[in-house]
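Keep in mind that this is a model prediction, so the values were computed, not measured. Residues take their numbers from the sequence shown, with the count starting at 1. Whatever order the structure lists ligands and atoms in, that order sets their numbers, starting from 1.
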Amino acid sequence: MSVVRSISILGATGSIGASTLDLVRRNRDQFRVVALTANCQVKELAALAREFSAELAVIADEGCLPDLRLELSGSQSEAAGGQAALVEAASRGADITVAAIVGCAGLAPTMAAIEQGKVIALANKEALVSAGDVMTAAVARHGATLLPVDSEHNAIFQCLQGNDPAHVRTITLTASGGPFRDWAYERMAGATPAEAVKHPNWSMGAKISVDSATMMNKGLEFIEAFHLFPVGVDKLRILIHPQSIVHSMVEYRDGSTLAQLGPSDMRVPIASALAWPARMDTPCARLDLAEIGELTFRKPDEQRFPATRVAREAVMGGGAAPAVLNAANEVAVAAFLSGQIAFTRIVQCAEDVLARNLPPPPQSLDDVMAVDKEARIRARETMEPAR
Ligand code: NDP
């Protein structure tokens with residue numbers, strides 16, 4: 001008989017939230033849903049809370065709480081709203097917390113979940129990029145288990161199992177190259193939000209889709225890998241792999257390279273984290289390499305896609321730089337999506353903010369939040385039209 005585990009999903013109404021809940025739906029006897037959260041999608045959140053009999057549904061935008069209460073009246077789910085409620089939801093001590101809020105907005109609840117010392121399935125890369133050492137120190141202090149959900153990091157995590165990290169020669173993150181992989185830089189300057197969110201292989205939320213198009217996603221993942229797999233920045237590589245079948249690889253000192261392959265479906269890495277250290281079934285398409293026929297690889301082009309260079313410099317600079325980079329990127333992506341700046345300004349904006357005097361290295365969650373807040377102000381300043 002399988003053991004029932006409790007699960008909370010922070011960001012339940014998003015793309016990762018939907019994929020996670022699809023797996024929970026197919027394995028109802030294995031999970032008990034504690035908390036589900038969203039930002040402002042009240043009806044969607046309430047429907048999920050009812051379907052999964054969640055103990056608690058939290059809407060981050062407090063102004064939406066009356067609507068959520070109304071939607072959940074007569075149900076067995078408690079309704080709550082605002083930032084403190086988000087943190088409270090993450091503190092309920094579920095056996096597994098899926099951190100799937102987009103952006104640094106997910107940092108405080110993810111840290112609250114870490115403090116419970118249970119399993120965190122981490123999709124919210126921006127939280128780890130911003131908090132870096134503050135988060136990894138909290139994981140160690142509270143005896144929590146951080147399982148990466150990002151497909152590349154989940155692949156690396158799997159390839160490292162049973163091996164001594166001391167024997168690692170290189171870790172290679174693969175990247176599809178995004179929808180503008182073969183575009184000239186000048187053409188990218190005129191790219192529209194609709195073109196940028198049309199990822200060739202993955203179906204994802206708008207922010208990560210834009211990050212994939214600029215390659216900042218790979219830059220953030222480089223920083224994420226630096227913290228999750230402490231082999232040193234010199235051993236981390238990025239490789240373009242348009243088919244997104246090889247999700248990443250680890251090369252060992254004896255010349256062996258281990259890779260994880262799978263379909264481009266986030267339910268595979270999510271299932272790997274949910275079932276870890278066991279395995280669970282997924283409804284995902286089986287990998288048919290004969291059908292795919294060809295897997296290709298090429299070097300990244302940092303002239304057209306400077307984001308990975310900017311991220312590498314930020315992680316090597318250390319201190320507040322990764323948090324500043326992440327905050328500036330979040331502001332710039334939002335500005336691009338709302339038509340305020342050109343696509344190619346996104347990474348330039350992050351670089352402009354990083355070129356200013358950086359605040360001292362953050363030592364605590366409050367420090368990280370302060371760095372994030374200040375960097376957002378600076379990013380907005382760089383985007384104001386010159387007077
Ligand atoms: P989505 O935009 O699809 O979903 C984001 C979720 O976070 C939604 O539930 C949203 O609520 C909630 N949310 C948004 N803003 C806030 C806020 N300020 N406070 C609280 N909750 C908020 O994103 P994805 O699912 O695509 O991505 C989630 C995370 O996972 C990101 O960090 C991304 O980088 C990472 N990731 C995603 C992958 C993917 O395939 N999608 C792959 C690998 C990593 P609401 O619906 O109400 O707006």
Quiz item: Applying side chain to side chain donor-acceptor pair (under 3.5 Å), which residue pairs with at least one partner in residues 311-321 are found, sequence neighbours left out?
Solution: E302-R312, R309-E313
Quiz prompt | Test item: side-chain donor near acceptor, E221 and N217, under 3.5 Å | solution = yes
Self-check item: Atom CD of Q161 with >12 non-hydrogen neighbours under 6.0 angstrom
Solution: yes
Quiz item: For ligand 1, what are the residues with a heavy-atom contact below 4.0 Å?
Solution: G11, A12, T13, G14, S15, I16, A38, N39, C40, Q41, A60, L86, A100, I101, V102, A105, A123, N124, K125, E126, D150, M204, G205, I208, M266
Quiz item: So, S272 versus N154: side-chain donor-acceptor pair below 3.5 Å or not?
Solution: yes
Under 3.5 Å, which donor-acceptor pairs do the side chains of residues 316-327 form with other protein atoms, sequence neighbours left out?
{"unit_1": "N326", "atom_1": "ND2", "unit_2": "S130", "atom_2": "OG", "d": "3.2"}
{"unit_1": "N326", "atom_1": "ND2", "unit_2": "E330", "atom_2": "OE2", "d": "3.0"}

Quiz item: Which residue pairs pass the salt bridge (charged side-chain N to carboxylate O under 4.0 Å, His left out) test with at least one member in residues 93-121, sequence neighbours excluded?
Solution: none
